[in-house]
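Numbers restart at 1 for each chain; the letters A, B, ... are given by sequence-line order, proteins then strands.
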Amino acid sequence: MAKPKKTPRPKAITPKGFQDYFGVEVTERKTMLDQIAEVYHLYGFEALETSAVETVEALGKFLPDVDRPNEGVFAWQEDADLEKPGDWMALRYDMTAPLARVAAQYRNDLPSPYRRFAMGPVWRNEKPGPGRFRQFYQCDADTVGAPSVAADAEICMMLSDTLEAVGIPRGDYIIRVNNRKVLNGVMEVAGVLDPSDPTKFEDERGTVLRAIDKLDKFGDAGVRLLLGKGRMDDSGDFTDGAGLTDAQADIVMGFMDAKRETGAETVARLMELVGDSQVGAEGVAELETIADLMAQGGYGPDRIVIDPSVVRGLGYYTGPVYEAELTFEVKDEKGRPRQFGSVAGGGRYDDLVKRFTGQEVPATGVSIGVDRLLAALRAKGRMGDQPAGPIVVTVMDKARIGDYMEMVSELRQAGIRAEMYLGNPKNFGNQLKYADKRQSPVAIIQGDDEHERGVIQIKDLILGAKLAENATLEEWKERPSQYEVPRGDIIAKVREIIEMYS
RNA sequence: GCCGCCUUAGCUCAGUUGGUUAGAGCGCCUGAUUGUGGAUCAGGAGGUCCCUGGUUCGAGACCAGGAGGUGGUACCA
């Protein structure tokens, strides 16, 4: 007899970089999304939901000039095997590119400026890390077609309101604002930006940008190394620097150090630093306007500050940039302090829609990293309490399932979450173990003799667990946490116990 | 991508200079108790020692390559 061939069993695992969300994780996130949406809506933004998939062409940046444009995105080609292969498609990697597409596609019908918010998952095909996944939620609000920095100021204020709305008290976060034009002005002074030939020194500027972005990680000395020759990290890996001279590095470092007590003083200091640079002066003026608007709106430096060390990685930002950071300290499982870093960021990007229409369309917007925010709130202990499970009506007598279902219905109609035990009722102990695992506050028991006497047993599982910690076997068996009540009192007694714990 | 560390039961881990049948705690299952969660006691199930090759009389251990994980770093629209 031939042995049946062993087909290897499929492995039940979550794909790397992805996550499964259970119970509270889902409901907590939904609650947070609702809170954010409410603020966005209040500020006059309209909801927009676009497709999760875009053509690679519309997403831009990763054009199919290689076999698979899978660098960073999940992409595939329609009908790749056929003679006439179709378009390249990809899962969206952020909400901004789809917005640019929508703004271009519907530009004749949409109001201008167009203000919309969007929330949902985005996907990135990158190496996952701790707290970094390949699918995560973003929550964006953008104003398209508004050149005024009032639009930027408004977004910052809204970001502040939003963070407070989701439960981060004032003082536990700070929103820092800077302006790319100021940075460009400083780089002009430092001699790494030539206004007459913007492509010159492009690589160096990129390196400078990234170096500044790492100030909080490596400190002054580390950034200086990155501005100069380069930096060797702990593992012995060497990162090339921007190759600036000491004098040039001094100018850049001075810029990051330009933060003063008040916004006005910072602005004044920046004005000195940008010297004759025209774009620099423009940026400083914009920052000044933003600072004024904040002050007038009542958003003081306890919420929003001008901070020249904020640069926001690289990319398409052309004017004001902003970033929200949580300032409270959080310890990880091993008790080490953990940095949450920025939970939201954004800025002005004036060139994105231009890709589609050829017309300059100024836009500015913010993106909140919902998963990070949730993680922070959980770590802070403001979330993540296991909520109570349903009341479990146990099954003593299989023939009387109808009676048990009736109890369940009554409880449900009274607005109390309840269910009948649906597993194998043979072993009664297992029914209570199940109730335990479900975090049920109460179990209901009715066997034959209770039925005849018209009563039920109501077991307070929370009290029972507490008593069990110190009880002897005898005490435990006396069941002090169990009450016999008339069948008709089921709702009243259950409600009494639940309310005792809420 | 680059550098370091790690990989033994469901989980956390031990395993001596390379030596018989690879262990512990926790968890899980069964029973003490067919109408009661915890604790206790008794018993039980559970292993490709990450994979491939090499050295050796003999490898969980040593060597080489690979995979996976993890930490740092780089990139990040």
Side-chain angles (χ1 to χ4, degrees), chain A residues 6 8 11-13 16-17 54 56 58-63 69 71-73 90-100 122-130 132 134 136 138 206-207 209-211 213-214 217-218 222 226 230-241 312-317 332 334 336 345 349 351-352 355 367 392 394-397 421 424-440 442-451 457-482:
Chain A
K6 263 194 244 172
K11 284 197 201 94
I13 49 166
K16 201 194 333 191
E54 295 278 341
V56 164
L59 281 180
K61 179 91 175 176
F62 293 96
L63 298 168
E71 192 80 3
V73 295
L91 286 170
R92 64 177 175 221
Y93 52 74
D94 70 6
M95 301 287 210
T96 309
L99 170 64
V122 300
W123 294 267
R124 294 186 188 180
N125 193 3
E126 298 174 322
K127 175 186 151 191
R132 263 180 80 165
R134 300 207 283 183
F136 55 94
Q138 277 194 347
T207 309
L209 220 58
R210 291 191 292 272
D213 205 31
K214 292 189 172 61
K217 211 166 172 184
F218 298 147
L226 282 172
R231 177 178 177 276
M232 180 96 73
D233 70 40
D234 295 341
S235 67
D237 197 21
F238 187 76
T239 309
D240 279 338
R312 292 242 85 215
L314 41 145
Y316 46 62
Y317 294 116
D332 67 8
K334 287 167 190 158
R336 295 175 300 199
Y349 48 96
D351 296 331
L352 271 190
R355 280 188 30 240
S367 177
V392 172
T394 57
V395 175
M396 240 357 153
D397 181 354
Y421 181 72
N424 184 354
K426 212 179 80 183
N427 184 340
F428 188 73
N430 280 348
Q431 302 198 35
L432 290 178
K433 277 187 193 166
Y434 170 79
D436 229 19
K437 208 166 239 173
R438 291 299 309 273
Q439 309 276 326
S440 302
V442 167
I444 299 204
I445 305 166
Q446 190 190 44
D448 283 341
D449 62 271
E450 282 98 351
H451 182 232
Q457 301 287 341
I458 294 193
K459 197 173 176 63
D460 179 341
L461 294 170
I462 299 172
L463 177 63
K466 211 180 290 169
L467 292 174
E469 284 170 22
N470 304 309
T472 63
L473 183 62
E474 288 70 32
E475 286 166 354
W476 168 252
K477 291 212 151 179
E478 274 174 31
R479 308 203 272 269
S481 60
Q482 194 165 315

Does B:C75 have OP1 or OP2 under 4.0 Å away from a side-chain N or O of A:Arg210? yes
For nucleotides 39-42 of chain B, give me every protein contact, N/O to N/O, under 3.5 Å, one pair per line with atom names.
none

What stems, by residue range, does RNA chain B take part in, given at least 3 consecutive Watson-Crick or G-U pairs under 3.5 Å? B:1-7 with B:67-73, B:10-13 with B:23-26, B:28-32 with B:40-44, B:50-54 with B:62-66
Please report the distance separating the P of B:G4 from the corresponding atom of B:A77, rounded so that it comes out in whole Å. 29 Å
With C1' as the reference atom in both, quote the distance from B:U40 to B:C49 in angstrom, rounded to an integer. 34 Å
Considering non-hydrogen atoms only, spot the tightest contact between A:Asp94 and A:Pro98 and give its length. O-CD, 3.3 Å
For A:Asp213 and B:C75, give me the distance from atom CG to atom C1', rounded to whole Å. 12 Å
Only counting residues at least two apart or in another chain, list the ones meeting side chain to side chain donor-acceptor pair (under 3.5 Å) with A:Gln457. A:Glu450, A:Gln482, A:Glu484
With the stacking rule set at 5.5 Å and 30°, tell me whether A:Tyr93 counts as stacking on B:A77. yes
Applying side chain to side chain donor-acceptor pair (under 3.5 Å) to A:Arg134 and not counting sequence neighbours gives A:Asn125
Take atom P in B:G44 and the same atom in B:G23, then report the distance between them in whole Å. 14 Å
Tell me every residue that passes side chain to side chain donor-acceptor pair (under 3.5 Å) with A:Ser367, counting only those two or more places apart in sequence or in another chain. A:Asp140
Heteroatom pairs (N/O) under 3.5 angstrom, protein to nucleotides 30-32 of chain B:
none

Note: for A:Trp123 and A:Leu226 on RNA chain B, the residue whose nearest nucleotide lies more 5' is A:Leu226
